[in-house]
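Notes follow once the structure below has been shown.
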Amino acid sequence: MELLYVIIALIAGSVGSVGLAALMLLLPDRKLDNVATLLMYLAGGTLLGAAFLGMMPKGISMIGAQPMMLAVLSGIMFFFLLEKFILWRTCGNAECERHKHAAVPIILIGDAFHNAIDGIVIAASFLTSFELGVFATLSVMMHEIPQELGDFGILLKSGLSRKKAIWFNVLSGSTALLTGIIAYYTLEAMQSLIPYALALSAASFLYIALADLIPEMHRKSSVKSSLIQFGLILTGILLIYIILIIK
Ligand SMILES: [Zn+2]
């Protein structure tokens with residue numbers, strides 16, 4: 001039964017995100033931009049909430065505070081190096097540094113790696129608790145949809161047909177399904193690895209939120225944008241807090 005949840009969540013997080021992003025391409029440009037931006041703000045909050053309130057406390061209860069924090073810290077350093085080598089970044093617009101400077105194959109390879117980690121995150125979260133699994137999946141979808149939209153923009157601009165662009169994104173998303181199922185069986189067989197998978201998940205979520213989404217948010221500095229950003233990050237955090245803590 002649990003495996004079924006994980007598979008549904010993995011499909012939702014990978015192919016589902018690409019599908020929703022593809023559907024959103026039907027919206028008029030301005031609306032599309034707005035929805036993607038709001039989703040990104042909300043993702044900032046749910047990623048931080050899931051890492052701080054779900055994954056890290058759970059890991060600490062399993063292996064103790066210092067080993068868990070050391071593992072999270074190692075994860076952050078790992079993602080720093082990963083970004084150096086393969087431009088592992090999410091960004092929702094085609095004008096960002098990553099999209100401006102990276103060639104199409106690099107973007108697709110970087111995404112495939114990124115989605116592979118998302119798959120592990122989803123599997124590890126479901127093996128910890130159902131609620132955490134649901135939130136991890138939602139957090140993945142909320143940052144993946146703007147990401148896929150940015151990718152569509154760049155793939156279409158580089159001359160790919162719509163159909164091919166969607167197909168390539170589905171393909172790079174399917175790595176999540178593969179690593180997610182492998183992680184599920186590995187973690188189920190070796191329960192002692194679960195806290196370390198949670199640490200990697202927390203590090204990935206913290207890295208995306210703090211090193212990636214929030215710097216992107218600071219590019220918009222009007223009072224109105226800032227208030228909307230703060231409000232939606234807080235909403236994302238509260239959403240996780242209410243369900244995980246007062247459940
Ligand atoms: Zn992702």
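For the numbers below, each heavy atom of this structure counts, side chains included, while hydrogens, waters and symmetry mates do not. Indexing begins at 1, ligand by ligand and atom by atom, following the structure's order.
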- So if you build clusters from Ile, Leu, Val, Met, Phe, Trp, Tyr with side-chain heavy-atom gaps below 4.5 Å, do Leu132 and Leu3 land together? yes
- Asp118: its N/O/S atom lying closest to the Zn ion (ligand 1) (atom name): OD2
- With respect to the Zn ion (ligand 1), what is the nearest N, O or S atom of Glu144? OE2
- Those residues that, when tested against Phe126, pass ring-ring contact (aromatic ring centres under 6.0 Å, His included) (two or more places apart): Phe130
- Item | Closest His114 atom to the Zn ion (ligand 1) [N, O or S only] | NE2
- Minimum heavy-atom distance Ala116-Thr175, with the two atoms named: N-OG1, 3.5 Å
- Message: Test of understanding: with side chain to side chain donor-acceptor pair (under 3.5 Å), list the residues that count as partners of Ser222, not counting sequence neighbours.
- Response: Ser225
